[in-house]
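Data block below; observations after.
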Amino acid sequence: MSNQMDKLVLIDGNSIIFRAFYAIPPLTSSSGLHTNAVLGFTTMLLRVLEEEKPTHILVAFDAGKMTFRHEGYAEYKGGRQKTPPELSEQFPLLKELLKAFSIPQFELPGYEADDIIGTMAKLAEEQGKSAIVVSGDKDMLQLATDRVSVLITRKGVSEVERYTPEAIGEKYGITPAQIIDLKGLMGDASDNIPGVPGVGEKTALKLLQEFGTVENVLEKIEEIKGKLRENIESHMDDARMSKKLATIFREVPLDYSLEDVVWKGYDSAALGVAMRKLEFKTLAERLNLGAADEATKAESAESATRYEVVRVETSGWAGLNEVLAEAEAVLVESYGDNPHQAQGIGIAVVSGDKCHVVEYKLLSSPEASVLREWLENGDKPKVSYDLHRVELVLARSGINLKGQAFDVQLAAYLLDPTEADPSLNGLLQRYKLSSILPDEAVYGKGAKYLVPEGEQLAKHLAAKADAVRRMKPLLAEQVEQLGMNRLYYELEQPLSSVLAGMEKQGIAVNGDALKDLGTEFQRRIEEITKGIYESAGFEFNIGSPKQLGEVLFDRLGLPVYKKTKTGYSTDAEVLERLEPHHEIVRLILHYRQLTKLQSTYIEGLLKEIRSDSGKIHTFYRQTIAATGRLSSQFPNLQNIPIRMEEGRQIRKAFVPSEPGWTILAADYSQIELRVLAHISGDEGLKEAFLNDMDIHTKTAMDVFGVQADQVDGNMRRQAKAVNFGIVYGISSYGLSQNLDISRDQATAFIEQYFQAFPGVRRYMDTIVEQAKRDGYVTTLLERRRYLPEIRHSNFNLRSFAERTAMNTPIQGTAADIIKLAMMRMNEALLERGLRSRMLLQVHDELVFEVPEEELELMRKLVPEVMSNALKLDVPLLAEVSDGNNWYEAK
DNA sequence: TAGGTCACG
DNA sequence: ACGTACGTGACCTAC
């Protein structure tokens with residue numbers, strides 16, 4: 001019997017599987033079937049089942065290609081890319097799985113999934129029931145009523161946003177019924193619905209808030225002015241038709257009643273079989289599904305191995321030796337963001353059914369020698385989490401970690417470098433493994449941080465070690481499948497130790513020199529502050545953008561060129577334009593510069609100099625940048641000033657750590673453009689580098705069509721900006737902003753450039769196409785970055801992804817190359833028994849300190865190693881320089 | 001804690 | 001038509 005508490009869940013099958021396909025990284029079963037979209041769909045489904053607890057459910061699919069919508073408009077959904085085969089093959093898998101869930105599936109030739117859902121929702125409503133519509137398509141919002149809510153997936157399919165009529169009103173200022181008017185006006189590129197040209201979401205919403213419906217807009221057209229009116233007038237029929245196309249048809253002749261979609265839960269045994277077939281092992285386990293066949297039963301028993309937590313504190317050291325001999329994973333826990341200062345907490349080693357846990361303070365006890373020796377033994381492989389950090393923490397306890405074999409954090413970074421959550425629990429969730437207690441739940445956070453008593457701590461560390469053990473085979477397999485074995489095992493993994501070595505070494509910084517410079521900066525700041533107060537006629541906090549904005553724009557009445565979310569923009573670009581208007585502006589610009597230098601570079605760096613050694617130890621993060629670059633923290637030594645002379649002085653404080661030694665720096669010349677020449681294969685660009693031409697001058701010659709001797713400084717400057725634009729993923733808008741020229745002018749420059757370098761245009765087109773097809777781009781070393789938004793219907797998101805597709809292979813390959821060079825340099829120094837030390841990496845530059853007797857050798861060796869790091873179709877040139885400090889090594 | 005700003009490649 | 005150049009981290013102010 002039905003009653004008022006009944007709840008229908010109506011799922012838009014095509015929309016969700018499509019979303020899932022592009023949101024979930026590629027995944028194949030052992031037989032080579034792609035399963036990522038089915039997995040994503042299933043995750044979403046389980047979530048909805050759990051949260052909504054439906055009494056009725058169905059999944060609707062589109063049937064065939066033609067629908068009644070094509071009768072009136074043949075181009076409906078035209079221009080769509082063909083469904084990739086990797087997705088097509090997943091439809092049958094999904095349908096089979098839904099059967100196992102006992103969920104009915106509806107489809108009807110001539111109608112789309114949303115029509116079926118609209119019809120069923122109407123039916124439910126008529127019978128006084130409530131319904132939940134689940135889709136990735138905002139068109140569905142037109143179905144929302146007091147009884148029907150719409151869940152739209154976000155972030156792929158992992159989250160949903162709930163829309164009620166109120167929520168739609170709040171967000172868009174319109175009613176659900178007006179969604180079709182919205183579409184009628186703005187159209188929908190992904191369905192090839194035209195709408196009215198020149199009308200986007202914003203304009204459409206404005207029109208609807210004023211006129212209510214498309215019909216009313218058309219009727220009262222004389223109230224609209226200008227270009228907008230012209231556009232609407234000449235596309236009235238398009239608007240009417242678009243609205244019609246966007247309208248969900250709610251009278252689909254279905255031979256079913258609500259009784260046919262009653263859901264009483266799934267049959268565990270059937271679902272278990274289906275899931276194991278798809279190799280969703282952990283999902284099946286999580287749901288506690290039975291009916292495993294013998295082989296998979298053994299396998300799941302294996303991965304669910306129970307382990308006994310053995311605390312050294314209570315059980316003694318016996319047995320540790322055996323566990324170490326066959327250790328499957330080790331976990332070294334520490335507290336604190338900066339690994340050079342982090343406090344050791346404990347170590348857990350897991351093997352078979354035992355996990356031994358040692359509190360960190362016992363690591364120095366005589367009985368722990370077996371553990372210390374194991375950690376230092378390169379023949380004993382360490383599978384762990386964040387080995388880079390572990391190596392630094394252990395080093396401060398006098399332990400020289402060796403045998404770094406596999407790091408789940410580093411591997412996960414290669415599998416998806418854009419994924420934000422690097423925590424162990426985050427990884428477990430990402431790979432659908434059963435999760436553990438979050439660190440925060442165990443330790444608390446901030447001021448409340450407290451390491452719990454022995455037993456509780458031991459359990460947590462053991463759970464983490466076990467988590468690493470469970471995750472390792474999964475990640476190792478995916479690294480291999482994605483063709484990143486060499487990248488991982490020969491580059492990234494060993495590089496983490498090279499980085500740790502540089503960080504432990506540190507760079508000597510002359511604190512007195514910094515202080516002297518700071519005194520001088522302070523003097524200038526005070527003088528300028530006075531000048532600013534005098535000029536304004538009163539005192540205020542110059543460092544507050546809010547107060548500064550009020551002074552400049554409200555009190556002094558300067559023109560407002562740009563606004564931020566919260567008020568006036570006062571950034572350097574704006575200030576530079578305001579300079580001619582008022583003397584105060586120049587002073588403010590200089591004030592900004594000096595206070596930046598003072599707080600970030602004088603005071604900031606002084607705080608980081610270790611009093612015992614006089615050195616600064618940065619920490620390179622290897623798992624942050626989406627392109628494969630390193631980043632530097634505590635402090636950041638990759639953004640020490642150089643462009644302005646005043647700031648460049650800071651570099652004089654970076655000195656050799658031993659008397660008589662020299663700072664030597666070498667940087668790649670135009671590495672990104674050389675990489676572009678290589679991967680695009682453009683003949684002209686290659687030729688330019690083969691002849692070692694000044695690339696910006698060469699670009700100026702081609703773009704402006706002049707001889708070398710006719711290129712003046714301004715032309716070269718503009719050509720340089722064009723080259724930057726090319727590397728960043730060119731857009732005429734960006735270039736016009738940068739050069740302060742018109743968009744037409746910028747467009748002309750770009751067109752000239754592409755005519756001169758047709759291979760580059762070909763590359764840009766191909767890489768975007770490829771990204772659209774595959775969903776990712778790669779570097780020369782097969783580093784991968786997914787770009788799910790490249791197929792997004794939102795212009796901004798899509799354009800951003802397209803520029804990223806152009807830029808990432810370039811920036812990422814450059815990152816690959818310098819990482820290779822660092823490996824080779826490290827080996828070269830060791831092989832030759834040199835005392836010189838590699839200290840810093842700044843994306844295209846390496847900084848060393850060199851004893852006098854090695855200086856001549858290093859001047860040749862470093863650029864040679866860097867040049868030969870990777871063989872390209874153009875030479876890689878590295879330029880070397882040295883001096884008494886980093887300033888002089890330029 | 002978020003947003004604005006600015007230092008670098 | 002839409003409105004940004006690509007990638008980072010640190011500091012300050014205001015919420």
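Values reported hereafter were calculated over all heavy atoms of this structure, with side chains retained and with hydrogens, waters and symmetry mates removed. Naming: A, B, ... by sequence-line order, numbering from 1 per chain.
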(request) Flag the pair A:Arg555 and A:Glu550 as a salt bridge only when some basic side-chain nitrogen lies within less than 4.0 angstrom of an acidic carboxylate oxygen. (result) no
(request) Please tell me which of the listed nucleotides, C:dG9, C:dA14, B:dG3, lies nearest to the side chain of A:Lys546? (result) C:dA14
(message) Would the base of C:dG3 count as contacting A:Arg743 through its side chain, where contact means a donor and an acceptor less than 3.5 Å apart?
(response) yes
(request) State which of C:dT4, B:dG9, B:dC6 makes the closest approach to the side chain of A:Ala572. (result) B:dC6
(request) Under 4.0 Å between any heavy atoms, over every strand shown, what does A:Asn796 touch: base, sugar-phosphate, or nothing? Just pick one. (result) sugar-phosphate
(request) Find which nucleotide of DNA chain C each of A:Thr203 and A:Ile730 is nearest to by heavy atoms, and output the residue with the more 5' nucleotide. (result) A:Thr203
(message) Between C:dT4 and A:Phe800, is there a base-stacking contact, meaning the centre of the base's six-membered ring lies under 5.5 Å from the residue's ring centre while the planes stay under 30° apart?
(response) no
(message) For a 4.5 angstrom cut-off between non-hydrogen side-chain atoms, does A:Pro339 reach A:Glu503?
(response) no
(message) Between the side chains of A:Glu520 and A:Lys515, is the shortest nitrogen-to-carboxylate-oxygen separation below 4.0 Å, so that they form an ion pair?
(response) no
(request) Using both pair distances under 3.5 Å as the test, note the stems of at least 3 consecutive Watson-Crick or G-U pairs that include DNA chain C. (result) B:1-9 with C:6-14
(message) Could you tell me how far B:dC6 sits from C:dA1 if I compare only their C1' atoms? Round to whole Å.
(response) 32 Å
(message) Can you confirm whether A:Arg743 sits close enough to A:Tyr733 that some side-chain heavy atom of one is under 4.5 Å from a side-chain heavy atom of the other?
(response) yes
(message) What I want to check is whether an N or O donor and acceptor connect the side chain of A:Arg643 with the base of B:dG9 at under 3.5 Å.
(response) yes
(request) Side chain of A:Tyr601 only, please: which of C:dC6, C:dT8, B:dA7 is the nearest? (result) B:dA7
(request) Could you give the distance separating C:dC2 and B:dT5 at their C1' atoms, to the nearest angstrom? (result) 26 Å
(message) As a test of reading the structure: which of C:dT4, C:dT13, C:dC6 is closest to the side chain of A:Tyr733, going by heavy atoms?
(response) C:dT4
(request) Using a heavy-atom cut-off of under 4.0 Å over every strand shown, decide if A:Glu845 touches base, sugar-phosphate, or nothing. (result) nothing
(message) Heavy atoms from C-beta onward define the side chain here; which of B:dA7, B:dG9, C:dT13 lies closest to that of A:Asn639?
(response) B:dA7
(request) Just call it for A:Gly725: base, sugar-phosphate, or nothing, with non-hydrogen atoms closer than 4.0 Å on any strand. (result) base
(message) Any base atoms under 4.0 Å from A:Leu630, or only sugar-phosphate, or nothing? Heavy atoms, all strands.
(response) nothing
(request) Decide, yes or no, whether a salt bridge links A:Arg784 with A:Asp416 under the criterion of side-chain N to carboxylate O below 4.0 Å. (result) no
(message) Against A:His388, only a single residue in A:Phe619, A:Tyr620, A:Tyr413 fulfils ring-ring contact (aromatic ring centres under 6.0 Å, His included); can you say which?
(response) A:Phe619
(request) Remember a base hit wins even if backbone is also touched, and classify A:Gln547 as base, sugar-phosphate or nothing at under 4.0 Å, heavy atoms. (result) sugar-phosphate
(message) Heavy atoms from C-beta onward define the side chain here; which of C:dG7, B:dG4, C:dA10 lies closest to that of A:Ala625?
(response) C:dG7
(request) Have a look at A:Thr627 and tell me which of A:Arg783, A:Gln811, A:Arg785 forms a side-chain hydrogen bond (donor to acceptor under 3.5 Å, both in side chains) with it. (result) A:Gln811
(request) Pick base, sugar-phosphate or nothing for A:Ala626, based on heavy-atom distances below 4.0 Å to the nucleic acid. (result) sugar-phosphate
(request) For atom CE of A:Met236, decide whether the heavy atoms of other residues, nucleotides or ligands shown that lie under 6.0 angstrom number more than 12. (result) yes
(request) Consider the side chain of A:Thr600, meaning its heavy atoms from C-beta on, and name the nucleotide among B:dT5, C:dT8, C:dA10 that approaches it most closely. (result) C:dA10
(request) Would you classify A:Ser731 as touching base, sugar-phosphate or nothing, given that sugar-phosphate means primed atoms plus P, OP1 and OP2, and contacts are heavy atoms under 4.0 Å? (result) base
(request) Compare the minimum distances between each of C:dC15, B:dG4, B:dG9 and the side chain of A:Thr566, then state the nucleotide with the smallest one. (result) B:dG4
(request) Please figure out whether A:Asn807 or A:Asn231 has its closest DNA chain C nucleotide nearer the 5' end. (result) A:Asn231
